[in-house]
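Inspection log for the structure reproduced underneath, given as structure tokens.
Scope of the values below: all heavy atoms of this structure, side chains included, with no hydrogens, waters or symmetry mates.
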Amino acid sequence: MPIAVDIDVMLARRKMSVGELADRVGITPANLAVLKNGRAKAVRFATLAALCEVLECRPGDLLRWEPEDVADSEAAPGAAQGGHR
């Protein structure tokens, strides 16, 4: 997927655990893990706003767009060397 999630980066910068963030945002640690690992199909704006409020950041600090070929090459090691161009 071309949307990369950088929640781990913000957690590290804020020296905050996943459990603490989940508690403060009001979601389960399991649902937060799905989101931070890039497996979520959607995120509610209310959840995104709560994440930004707790982490004192902007949505762009948590989510970024990557072109498909970059995302594909990261998902499949070696794909960048022998992949389609």
Between Pro59 and Cys52 the two heavy atoms that sit nearest each other are N-SG, 3.4 Å
Exercise for review: Mark yes when over 12 heavy atoms from residues, nucleotides or ligands other than Arg39 sit less than 6.0 Å from its CZ; otherwise mark no.
Suggested key: yes
Hits for side-chain contact (heavy atoms from CB on, under 4.5 Å) against Leu35, two or more places apart or cross-chain, chain-then-number order -> Ile7, Ala40, Val43, Leu51
(message) Let me check something: do Leu48 and Leu32 share a hydrophobic cluster, defined by ILVMFWY side-chain heavy atoms less than 4.5 Å apart, either directly or through other members?
(response) yes
Separation between CD1 (Ile3) and CD (Glu66), nearest 0.5 Å, reads 9.0 Å
Below 4.5 Å, heavy atoms only, C-beta onward: do Val5 and Leu62 meet side chain to side chain?
no
Sequence neighbours excluded, the answer for side chain to side chain donor-acceptor pair (under 3.5 Å) partners of Asn31 is Thr28
Sequence neighbours left out, cut at 3.5 Å: what donor-acceptor pairs do the side chains of residues 9-18 make with other protein atoms?
{"residue": "Arg14", "atom": "NE", "partner": "Leu55", "partner atom": "O", "Å": "2.6"}
{"residue": "Arg14", "atom": "NH2", "partner": "Leu55", "partner atom": "O", "Å": "3.0"}
{"residue": "Arg14", "atom": "NH2", "partner": "Glu56", "partner atom": "O", "Å": "2.8"}
{"residue": "Ser17", "atom": "OG", "partner": "Glu20", "partner atom": "N", "Å": "3.0"}

